[in-house]
Amino acid sequence: LISWNTMIQAYADHGDLENAAMVFKASREKNLATLNAMLVASSKSGNLEESKGIFDQMPEWDVISWTTMITAYTQHGHLDAARRIFVKMPVQSTISFTALLCGFLDNFELIPAKALFERFPERDLVSWNRMVSAYAQAGHIPLSKKLFDTMPERDVVSCTALVTVYAHLGYGLTAIESFQTMAMDAVHPNDVTFLGVFVACAHLGQVAEIYAYLASMEIDYGIVPTQDHYSCIVSALGRLGQLKAAMEMIQRMPTAGT
RNA sequence: CUAGUAAUUC
């Protein structure tokens, strides 16, 4: 029974609603977690009508069912419906709150989101992180920086959010600054962080730095470069006119650079 | 066992 639920989840993660539904039908016994897993699967595939159907037919609901339904509604822009579920829930968990908050932010409703955020007492790291990244993505740099400085604690996701958003907006220097600040906060960068760093270097035209960061990533942090790192670096070198270097980098890639 | 955050370049 437990492994069935896990299998439904696995298919859901791959966006394979059909196989998830097959496992669901094949499972002899179903508990609340089974139904929730199926609800998640349909929600991830973006099938709101089906999610509603499953939800309405459930004999009982728990925090996970409600939270999943909140996510399903916000994915389709139905913020009012999502909010209604949140208000009606007997217990409003922090995760449910964050799901609703993210729904507002995903739909670019920054002002209502901020009001929501300020009104709710239990704000965990995830909700802070999403607030910071959403405001930065919208170009509200000072506000996002202020949120970042105000939050009770920062982790890799918080710092990486700043680095990558700055890098993509073309604020290369600010991105690198944020990256360097991580070391002072004793936050370890990860593979995603370095993707942002490479993008920043590309904007700054810093060829030598790209190699330095790549080496540091491998040696200091033990991060093995992925295909994403290589493609990011190759196109950065290419755009900076370093065609030879770009070719050499392609040769270095583990999986055939054909 | 099942629910909410960062990234994959232009």
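Chain letters run A, B, ... following the sequence lines, proteins first and then strands; every chain starts at 1. Quick caveat, the model's predicted, so the values are computed rather than measured.
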query = Are R123(A) and F117(A) in a cation-pi contact, defined as NZ or CZ under 6.0 Å from the six-membered ring centre and within 45° of the axis?
reply = yes
Under 3.5 Å, which donor-acceptor pairs link side chains of residues 210-222 of chain A to any protein atom two or more places apart or in another chain?
unit_1	atom_1	unit_2	atom_2	d
S216(A)	OG	D220(A)	OD2	2.9

inquiry  = Using a 4.0 Å cut-off to any heavy atom of chain A, which nucleotides of RNA chain B are the first and last in contact, reading 5' to 3'?
reply    = C1(B) to C10(B)
key: Pairs satisfying salt bridge (charged side-chain N to carboxylate O under 4.0 Å, His left out), at least one member in residues 48-58 of chain A, at least two apart   = E49(A)-K52(A)
ask   = In terms of heavy-atom contacts, does NZ of K145(A) have more than 12 from other residues, nucleotides or ligands at under 6.0 Å?
value = no
message = List the residues meeting salt bridge (charged side-chain N to carboxylate O under 4.0 Å, His left out) with D80(A), not counting sequence neighbours, and say none if there are none.
response = none
ask   = NE2/H78(A) to CD1/I85(A) distance, rounded to the nearest 0.5 angstrom?
value = 12.0 Å
inquiry  = Under 4.0 Å, counting only non-hydrogen atoms across every strand here, what does T68(A) touch: a base, just sugar-phosphate, or nothing?
reply    = sugar-phosphate
request  = Would you jot down, in residue-number order, the residues of residues 201-219 of chain A having a non-hydrogen atom under 4.0 Å from RNA chain B?
outcome  = none
task = Enumerate the residues from residues 179-194 of chain A whose closest heavy atom to RNA chain B is under 4.0 Å, giving them by residue number; use none for an empty result.
result = N190(A), V192(A)
query = Heavy-atom distance under 4.5 Å between the side chains of L204(A) and I176(A), does that happen here?
reply = yes
query = Where is the tightest heavy-atom contact between T71(A) and A99(A), given as atom of each residue plus distance?
reply = OG1-CB, 3.9 Å
request  = Establish, from distance only, whether the side-chain atoms of S133(A) and R130(A) form a donor-acceptor pair under 3.5 Å.
outcome  = yes
